[in-house]
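Report on the structure given below.
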Amino acid sequence: MNQIEHKLKQALQEAVQHAFGVELLPEEIVIELPKQVNFGDYSSNVAMRLAKQLRQNPKMIAQEILNHLDNEKAGVRLAEPAGVGFINFFMLQDRLADILTLVLKQDKEFGQSIRHDAHKINVEYVSANPTGDLHPGHARGAAIGDSLTRIMKKAGYDVTREYYVNDAGNQINNMAKSLQARYLQACGKEAEVPTDGYHGKDLIEIAAGIRAQIGDLYAETNTEETLAYFRTIGLVEETKKLREDLATFRVEFDVWTSEQSIYDRGLVEKALKQLTDHGKTYESEGAVWLRTTDFNDDKDRVLVKSTGLYTYLLPDIAYHLDKKDRGFDQMIDLLGADHHGYINRLKAAIQALGYPSEDLEVDIIQMARMIKDGEEFKMSKRTGKAVALKDLIEEAGVDAVRYYFVSRAGDTHMDLDLDMASRQSNENPVYYAQYAHARLCSILRNATMEIATEFSDLSHPKEAELLKQMIDFPQMIADAAFTRQPHKVCNYIQRLASSFHAFYGECHVLDQENPALSAQRLGLVKAVQITLRNALTLIGVDAPEKM
RNA sequence: GUCCACGUAGCUCAGCUGGAUAGAGCAUGCGCCUUCUAAGCGCACGGUCGAGGGUUCGAGUCCCCCCGUGGACACCA
């Protein structure tokens, strides 16, 4: 809630009180930004909401409220009833322009909120297995997860970014065997990658590197030790590659947690014991089961197989228990669509451990289809024909790829047209915002005067529009963080860039004839540049000074 | 078969806890550079919001039922 809306709300609240003796809560008064300029700067449907309760015509109620409204206190120049019972507000120009002083002062900090709750939040994303290159689904999760955590931090949340490395499961043995086969091939031997192994080209490259380093040392042996060697070196190399690719994509993590370390620290046994102590496990058919059906799952799940080995679910539960033990009040997992059926299980396990299910929120990131030359790119890591994150970056660049992924809600299916994304032209939306920023910087470079300290002459409709958008910036961030929808920031960027381009067309900033107005407009330009840059930073896209 | 998500302009997608004439980009057509970056601006074209019912002052938004798309339904990870 910003100052402008806050004061308007308060004044409305008082007016309703005086007019009808009704005490409304702040959240009962809805202030919105009208779609059309002739509906004012802000509007409210408060009269319509009161209509039922008061058994009166909403238009009459609106008029009565306005009769009691303190315009000066509300910051309102003109307020009028409209339509079926809306009240439209036209604000005092100088109240809107106050935002400029704030933006110019806060600069990089503009948009930053302070929250007073001490909630610690853990956000886990990507967490791709270290068995191959990152595919577009991972890339989408990476772009969204990284942007979301930047936004949450800006909104004042205490956020830790985490990557869970599945380095202990059976898939790692498959990777090791596959790598071994690639190594033998590199040594000129006959060897086949297992059918359930990993056929990606990344292992060929790693194998070549190993050959270069150790020569034919392991070409003739095939013992447990040999496999362990490939297992270890494969993990090291694959993990290193993951980190590098993500860093190139400007995606960072605070914590990398290894599944193996969960085992090594005895956390799996601890989790199993805690579940058993809570009476949530039982034995049947030689296996140990978790009563997930007590918590809205379709069927109970196996924790310990009849062979005595753990299923993948148990270490995952242990991992989430570890997060709670590390002091996180809330855990947010961004999982790929293929993990859909996993949500109920995991949430059930959280409850079985004794925590409320809300402590874990799972957002599904839908797969994305890659389109090139009008056809779909398939992305199977196992066929070797994978489209990797690296390929995407090479095709279209980090900015465009990140922008495209973040611009769409994560839970919807989407197509990424690489032809479009790679085009350095006006057909590509990402450059629209960057170009606006470059234009802003250009004006600032060309300016010879100082920025004004008061802004009472900015009364052009395009100027007012920009002011209102900047006023909305912190609230937009709070909304994007709360709903966990980073694409709202993209929408905002498009709106702001569009408003600026329109302003640029209608209002000349640097005008020798009118230095006073120029100095004020220069302040507006600087503030918009700050806001646009801050917004682009939230989604990890560069704000270039020249294009 | 069961469960979940999605279905909005020719294409890709927005649409804030239900609000005024459903928006943007791309594509198509027409205008605008002797002035701060034309990677831009303005105008036009384009819709039974998948179909049908319901809830109410009001539904793209909530409920029910169909149709379509994707995904999930292991003692695999």
Side-chain angles (χ1 to χ4, degrees), chain A residues 27 30 32-36 39 43 45 48-49 51-52 57-58 82-86 88 129 131 166 168-174 196 259 284-289 298-299 301-313 315-316 336-344 364 366-367 369 371 404 407-409 411-417 420 423-436 438-447 475-476 479-480 483 485 487-488 490-491 494-495 497-498 500-512 518 521-522 525 546-547:
Chain A
E27 54 267 30
V30 176
E32 48 190 15
L33 298 167
K35 291 166 195 160
Q36 290 182 45
F39 291 157
S43 73
N45 62 0
M48 286 142 85
R49 298 214 156 194
K52 189 181 279 179
N57 182 325
V84 289
F86 288 95
N88 295 338
N129 289 347
T131 52
N166 288 102
N170 196 38
Q171 78 279 4
I172 300 302
N173 287 329
N174 288 338
D196 59 346
E259 181 184 0
S284 173
E285 303 163 57
V288 179
W289 298 69
D298 306 334
K299 50 173 291 197
R301 306 292 169 174
V302 173
L303 296 175
V304 185
K305 299 184 231 176
S306 54
T307 59
L309 294 173
Y310 299 136
T311 61
Y312 62 97
L313 179 60
D316 267 14
D338 53 337
H339 287 73
H340 203 163
Y342 204 46
I343 301 175
N344 276 345
I364 287 299
Q366 277 290 349
M367 294 293 168
R369 293 198 312 166
I371 308 290
Y404 266 88
S407 67
R408 310 298 185 215
D411 59 358
T412 59
H413 313 293
M414 74 169 281
D415 289 355
L416 174 55
D417 186 340
M420 163 85 87
R423 219 165 291 162
Q424 305 244 340
S425 75
N426 58 345
E427 293 164 47
N428 192 338
V430 69
Y431 295 112
Y432 183 79
Q434 293 188 318
Y435 183 61
R439 261 185 161 179
L440 285 156
C441 289
S442 173
I443 296 173
L444 293 167
R445 269 196 305 273
N446 292 334
Q475 207 168 316
M476 179 280 297
D479 184 42
T483 58
Q485 298 189 315
H487 74 271
K488 289 183 172 178
C490 280
N491 293 345
Q494 284 302 310
R495 280 200 305 276
S498 167
F500 168 68
H501 283 310
F503 161 80
Y504 184 93
E506 287 194 34
C507 304
H508 199 85
V509 178
L510 305 176
D511 183 359
Q512 301 296 337
S518 289
R521 284 188 168 162
L522 198 57
V525 164
K546 284 184 182 175
M547 283 176 75

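Heavy-atom basis, side chains included; hydrogens, waters and symmetry copies ignored. In what follows, chains carry the letters A, B, and so on, assigned in the order in which the sequence lines appear, proteins first and then strands, with residues in each chain numbered from 1.
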Rounded to the nearest angstrom, tell me the gap between atom [atom1] in [X] and atom [atom2] in [N].
X	N	atom1	atom2	answer
Asp411(A)	U69(B)	CG	P	20 Å
Asp415(A)	G25(B)	CG	P	20 Å
Tyr435(A)	C36(B)	OH	P	10 Å
Ile371(A)	C11(B)	CD1	C1'	11 Å
Gln434(A)	G40(B)	CD	C1'	15 Å
Met367(A)	C4(B)	CE	C1'	15 Å

- Query: OP1, OP2 of G42(B) versus side-chain N and O of His501(A): anything below 4.0 Å?
  - Reply: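 No.
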- Query: Does a side-chain N or O from Lys299(A) land closer than 4.0 Å to OP1 or OP2 of A74(B), or not?
  - Reply: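 Result: no.
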- Message: Ring centres within less than 5.5 Å and planes less than 30° apart: is that true of His508(A) and C36(B) in this structure?
- Response: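 Yes.
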Answer with base, sugar-phosphate or nothing: what part of the nucleic acid does [X] contact at a heavy-atom distance below 4.0 Å?
X	answer
Val525(A)	nothing
Tyr342(A)	nothing
Val509(A)	base
Asn88(A)	base
Ala438(A)	base
Gly505(A)	nothing

- Measuring from Tyr342(A):OH to Ile364(A):CD1, what's the distance to the nearest 0.5 Å?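 It is 12.0 Å, given to the nearest 0.5 Å.
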- Task: Measure the CD-OG1 distance between Gln171(A) and Thr131(A) for me, rounded to the nearest 0.5 Å.
- Result: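 Rounded to the nearest 0.5 Å, the CD-OG1 separation comes out at 6.5 Å.
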- Query: Between Phe503(A) and Phe500(A), how do the two ring planes meet: parallel, tilted or perpendicular, split at 30° and 60°?
  - Reply: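 Tilted: the ring planes of Phe503(A) and Phe500(A) meet at 30° to 60°.
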- Item | Chi-based syn or anti call at C11(B), which uses purine or pyrimidine torsion atoms and a 90° bound |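 In terms of base orientation relative to the sugar, C11(B) is anti.
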